[in-house]
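Have a look at the structure below before the remarks.
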Amino acid sequence: MATFLQSTIDKGSDILQDFLCSTCEDKKLDKMADFYCETCVKFYCGKCIGMHSQLFIKHAPYGRGDLKKWPVAKQVEDFLLKCDVHKDKNLELFCDNHIELCCTNCAIVNHRHCQKITLISDIVKSQSTDLQQLSVSIQTILKELKKLQDNQEASIQYVQSSYDEQLHKIQNTRREINAALDTIEQKTRKEMLDTLTKLQASTKSEADNCIRLRDELKRLRDATQDISDKSKQELSFIATRKCEEIIKQSKTFLNSTLQDKFYISFQPNSEIVQYLSTLLGLGKIERMMVQDNPNKVITVQGKSEHNVKISSDSEECGIIAILVLPAKQILVADNENKKVKLLDQQYEVVSHCSVTGYPSTLCDITPSEVAVTVNDPAKNIHQVQFITVNNRQLVIGRKLQFKHACVGIAFHQGDMYITTCTALYKYTLNGKLVSKMYEDTSDSYTVFGCAVSPTGDKLYIINCPQQKLLTLARDGSVLATFTDHALQLLNGLHVTPAGQVLVSANGSNTILQVDSEGKRKLATLGTKEDGVVEPISVCYNRHTASIIVGLYKKSSIIVFKVG
């Protein structure tokens with residue numbers, strides 16, 4: 001009761017009047033009651049109880065230490081008894097068909113066709129309630145709601161911070177363009193401001209719902225505490241139903257509400273100067289989901305299979321590399337047919353181009369430009385070819401020729417990392433050698449695929465003959481080595497935007513998730529039983545929360561829906 005008092009006082013309620021000293025109240029004085037006399041059926045303050053004790057020696061009033069022996073406060077009864085729809089009516093009935101409490105008006109309006117409507121007074125004769133367990137359930141959900149509310153409120157600040165950061169990025173991009181772009185800049189600013197407004201409004205709505213549900217749960221929790229141990233069966237039943245209903249609403253809300261944070265991202269268009277007349281903005285503004293934990297375990301929830309073979313393919317496809325661009329296009333490298341193919345969001349091939357050799361790996365350089373490693377030893381071709389995605393078409397750009405094989409490739413903040421089967425090199429984007437970062441000449445294919453963490457602080461490379469995943473520091477030193485019996489003929493490697501590490505093994509027909517430190521297995525995401533037969537590439541699509549798997553000499557890709 002005291003807890004209920006405090007929560008309602010904080011909300012500006014007049015519930016306090018239920019516990020005023022009866023004697024002082026007769027004198028029109030508002031004084032808090034400290035005692036209750038069951039014989040007199042009256043409340044007394046500390047001063048009036050003295051006179052009462054002198055007049056009624058045999059009476060045994062209960063102090064605040066015995067609140068459970070005080071009567072249920074009138075406001076508590078009203079709070080539980082009153083119908084939420086018809087405020088002037090008490091809840092007297094229960095509809096078994098709808099599992100709802102109802103007053104006589106509700107019964108007439110909404111339940112007149114229901115087969116079983118029972119008086120609450122009859123139900124409580126045969127049913128008991130566990131208010132203590134309800135209180136525990138409420139407390140648990142209150143904590144979850146508070147956590148979600150804190151997360152949503154923090155998200156409001158986070159998205160504002162990302163907005164400010166990306167706005168600076170827009171301004172830097174804008175300086176490279178002449179004054180004729182004023183109109184385009186304003187359109188882009190408006191688009192981003194609209195995105196910010198929608199994000200904040202959506203998040204604030206979720207936070208407001210948290211507050212509302214928490215307040216209702218708190219009041220119900222306090223009310224159940226007030227009537228516990230007082231043999232108020234009708235109130236207990238009503239409290240139970242109200243608690244179960246608001247708990248149900250809260251659980252539904254918690255399950256349906258995204259608890260991830262978002263930030264606003266601005267993706268500048270590198271070809272903006274060339275295509276000024278057709279552009280509507282300086283780049284692409286997106287709502288980006290923040291995943292703070294690079295070791296968050298991915299769970300597979302379903303799969304589909306999609307054919308990527310086209311009429312001009314002479315061989316069954318070998319999808320050796322997969323890449324998802326910021327604009328949601330999907331690129332696949334078909335090693336068997338020496339092609340790079342562009343897929344739409346339904347995984348249909350919408351464009352393709354032939355390359356000069358056998359493609360090995362793809363990586364993005366800008367939002368619309370990618371690099372693909374290409375080799376054909378018979379023709380002495382060891383190249384990195386650049387391809388631009390332009391209006392759903394693939395356009396071959398410049399080529400960089402190297403003296404060594406070009407197998408794996410990764411790009412981060414101007415640095416291009418290329419593996420050569422036995423070494424890892426760092427190059428500039430123009431093909432100038434910066435350094436040899438790592439080398440292992442003990443066997444062939446000891447430095448096969450490579451990937452870089454989102455922050456650039458770690459590099460991952462595959463050692464095929466030893467079936468190992470190596471994690472390197474920025475300077476090329478080995479930080480960790482990972483092996484697993486499920487990694488036979490390890491060949492595919494991918495790091496998600498959140499830093500989650502995925503590997504595929506052709507010999508064991510397996511897709512694994514490894515922790516970001518490269519030390520232990522976190523999950524098995526796919527096996528032969530899931531249709532993963534001779535996988536040679538793996539990629540995460542953040543736009544659709546899915547994992548795409550390429551297979552050796554099979555003209556389809558597997559798409560796993562994940563969570």
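We use all heavy atoms of the structure for the numbers below, so side chains are in, but hydrogens, waters and symmetry mates are not. Note that the structure is a prediction, hence the values are computed from the model and not measured.
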As a test of understanding, state which of E316, E315, E336 forms a side-chain hydrogen bond (donor to acceptor under 3.5 Å, both in side chains) with S555. E316
If we ignore hydrogens and angles and just use 3.5 Å, is the side chain of N463 paired with the main-chain N or O of V447 as donor and acceptor? no
Whether T496 side chain and A498 backbone form a donor-acceptor pair below 3.5 Å: yes
Polar side-chain atom of K468 near backbone of I461 as donor-acceptor pair, under 3.5 Å: no
Under 3.5 Å, side chain of Q500 to main-chain N/O of I298, donor-acceptor pair present? no
For the residue pair D440 and S442, confirm or rule out a side-chain donor-acceptor distance under 3.5 Å. yes
Check the pair V533 / K554 against side-chain contact (heavy atoms from CB on, under 4.5 Å), numbers first and verdict last. CA-CA 9 Å; V533 180; K554 188 171 182 180; 5.6 Å; no
Heavy-atom count check: over 12 atoms from other residues, nucleotides or ligands less than 6.0 Å from K198 NZ? no
Please identify each residue that fulfils salt bridge (charged side-chain N to carboxylate O under 4.0 Å, His left out) with D364, with sequence neighbours left out. none
Between N375 (side chain) and H382 (backbone), is there a donor-acceptor pair under 3.5 Å? no
Does K296 offer a backbone N or O that forms a donor-acceptor pair with the side chain of Q513 under 3.5 Å? yes
Short side-chain to backbone donor-acceptor contact, T224 and R221, under 3.5 Å: yes
Which side-chain hydrogen bond (donor to acceptor under 3.5 Å, both in side chains) pairs, counting each pair once, include a residue from residues 514-523, with sequence neighbours left out? N295-S516
Side-chain touch P465/T446, heavy atoms, less than 4.5 angstrom: yes
If you count the non-hydrogen atoms of other residues, nucleotides and ligands that lie under 6.0 Å from OH in Y552, is the total more than 12? no
Between K218 and D222, is there a salt bridge with N-O shorter than 4.0 Å? no
Let's go through N430 and R398 carefully: what are the C-alpha distance in whole Å and the side-chain angles of both, what is the deciding distance for side-chain contact (heavy atoms from CB on, under 4.5 Å) to 0.1 Å, and is it a yes or a no? CA-CA 10 Å; N430 293 324; R398 63 194 178 96; 4.3 Å; yes
Would you compute the distance between atom OG of S435 and atom CG of L424 and round it to the nearest 0.5 angstrom? 8.0 Å
Distance check, rounded to the nearest 0.5 Å: D334 atom CG versus C317 atom SG? 4.0 Å
With a 3.5 Å cut-off and no angle check, do the side chains of D475 and S477 form a donor-acceptor pair? yes
Regarding S504 and N491, do their side chains bring together a donor and an acceptor under 3.5 Å, going by distance alone? yes
Report the relative orientation of the aromatic rings in F448 and Y445; use parallel for angles under 30°, tilted for 30 to 60°, perpendicular for over 60°. perpendicular
Under a 3.5 Å distance rule, please check whether S556 uses its side chain to pair with a backbone N or O of E305 as donor and acceptor. no
Distance-only side-chain donor-acceptor flag, T527 / D530, under 3.5 Å: yes
Interatomic distance, L525 atom CG to I547 atom CD1 [nearest 0.5 angstrom]: 4.5 Å
Taking only residues two or more places apart in sequence, or in another chain, which ones meet E245 in a salt bridge (charged side-chain N to carboxylate O under 4.0 Å, His left out)? none
In this structure, CD of Q383 is separated from CG of D376 (nearest 0.5 Å) by 9.5 Å
Please determine whether side-chain contact (heavy atoms from CB on, under 4.5 Å) holds for the pair V503 and Y460, giving the CA-CA distance in whole Å, both sets of side-chain angles, and the decisive distance to 0.1 Å. CA-CA 10 Å; V503 293; Y460 305 93; over 6 Å; no
Looking only at side-chain N and O atoms, does T441 offer a donor or acceptor that is under 3.5 Å from a partner on E439? no
For a 4.5 angstrom cut-off between non-hydrogen side-chain atoms, does K309 reach N337? no
Any ion pair linking R212 and E216 (charged N to carboxylate O, less than 4.0 Å)? yes
Between S312 and K339, does any side-chain donor sit less than 3.5 Å from a side-chain acceptor? yes
Value rounded to 0.5 Å, distance of CG in L325 from CD in E369: 11.0 Å
Check whether the side chains of Q346 and E348 place a donor and an acceptor atom closer than 3.5 Å, and report yes or no. no
Assess the residue pair D313 and K341 against the criterion (salt bridge (Lys or Arg N to Asp or Glu O under 4.0 Å)); give the C-alpha distance rounded to whole Å, side-chain angles, the decisive distance to 0.1 Å, and a yes or no. CA-CA 11 Å; D313 290 343; K341 301 174 180 178; 2.6 Å; yes
Hey, is the main chain of G408 close enough, under 3.5 Å, to the side chain of T373 for a donor-acceptor pair? no
Counting C-beta onward and ignoring hydrogens, is there a side-chain heavy-atom pair between R392 and D344 closer than 4.5 Å? yes
Give a yes or no on whether the backbone of S351 and the side-chain of Q393 come within a donor-acceptor separation of less than 3.5 Å. no
Check: F402 ring centroid to Y427 ring centroid under 6.0 Å: yes
CG of L220 to CG of D215: how many Å apart, nearest 0.5 Å? 11.0 Å
